[in-house]
A.B. asks: 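I have a structure here, written as structure tokens, and I will follow up with some questions on it.
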Amino acid sequence: MSLNDEQRARTADELQANLRLSGADPEEARRDLEFTTRQWDDTLNVREGARPQDVWLLRDHLEALAERAGATPVPYTVLTRRARLAAALWFPLRKAPGRE
């Protein structure tokens, strides 16, 4: 499963919107996931080199942080629950910190 340029841009916008909604410190969120600075930047911006499993992990983490802050997360248009089933066939997905 790979994303085209438009899907990557849309997903990056959704990730960044949920980061803002969460009110979380980006550096703290990065450390929560044990991402390097470059890994964080590549993943948050869904750059070509970002690992798909990292994008899913960040998606889940930011959604959880937004919910914890009492916000309704921006829905994901590409990284949907249905797409997760397909992604899980291609790469190992980890649970985000604080998720059951």
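Nothing here was measured: the structure is a model prediction, and the numbers come from that model.
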A.B. asks: Please name the pair of heavy atoms, one in Leu65 and one in Ala29, separated by the smallest distance, quoted to 0.1 Å.
C.D. replies: CD1-CB, 4.2 Å
A.B. asks: Using 0.5 Å steps for rounding, measure from the CD atom of Glu67 to the OG atom of Ser22.
C.D. replies: 11.5 Å
A.B. asks: What residues, two or more places apart in sequence or in another chain, satisfy side chain to side chain contact (heavy atoms under 4.5 Å, CB included) together with Glu48?
C.D. replies: Arg8
A.B. asks: Taking a hydrophobic cluster as the set of Ile, Leu, Val, Met, Phe, Trp and Tyr residues connected by side-chain heavy atoms closer than 4.5 Å, whether directly or through intermediates, do Leu15 and Leu33 fall within one such cluster?
C.D. replies: yes
A.B. asks: Working to the nearest 0.5 Å, report the span between CG of Asp42 and CG of Leu58.
C.D. replies: 11.5 Å
A.B. asks: Do any pairs count as a salt bridge (Lys or Arg N to Asp or Glu O under 4.0 Å) and have a residue in residues 21-30, sequence neighbours left out, and if so which ones?
C.D. replies: Glu27-Arg30, Glu27-Arg31
A.B. asks: So do Gln16 and Asn45 actually touch side chain to side chain, heavy atoms under 4.5 Å?
C.D. replies: yes
A.B. asks: Return yes if some donor-acceptor pair links the side-chain N/O of Glu63 with the main-chain N/O of Asp60 below 3.5 Å, else return no.
C.D. replies: no
A.B. asks: Looking at Pro73 and Ala66, what are the two nearest heavy atoms and their distance?
C.D. replies: CG-CB, 4.1 Å
A.B. asks: With sequence neighbours excluded, tell me which residues meet salt bridge (Lys or Arg N to Asp or Glu O under 4.0 Å) with Arg20.
C.D. replies: none
A.B. asks: Within the side chain of Asn18, is there an N or O that forms a donor-acceptor pair under 3.5 Å with the backbone of Val74?
C.D. replies: yes
A.B. asks: If you measure from CG on Leu44 to CG on Leu62, what distance do you get to the nearest 0.5 Å?
C.D. replies: 7.0 Å
A.B. asks: Pro26: what forms a side chain to side chain contact (heavy atoms under 4.5 Å, CB included) with it, not counting sequence neighbours?
C.D. replies: Leu19, Trp40
A.B. asks: So, using side chain to side chain donor-acceptor pair (under 3.5 Å) as the criterion, who are the partners of Thr77 when residues are at least two apart?
C.D. replies: Arg10, Glu14
A.B. asks: What distance separates Arg51 CZ from Phe35 CZ, expressed to the nearest 0.5 Å?
C.D. replies: 7.5 Å
A.B. asks: Under 4.5 Å between side-chain heavy atoms, counting indirect links through other Ile/Leu/Val/Met/Phe/Trp/Tyr residues: same cluster for Tyr76 and Leu21 or not?
C.D. replies: no
A.B. asks: Please identify each residue that fulfils salt bridge (Lys or Arg N to Asp or Glu O under 4.0 Å) with Asp32, with sequence neighbours left out.
C.D. replies: none
A.B. asks: Just so I know, are the side chains of Val46 and Gln7 near enough to count as touching, which here means a heavy-atom distance under 4.5 Å?
C.D. replies: no
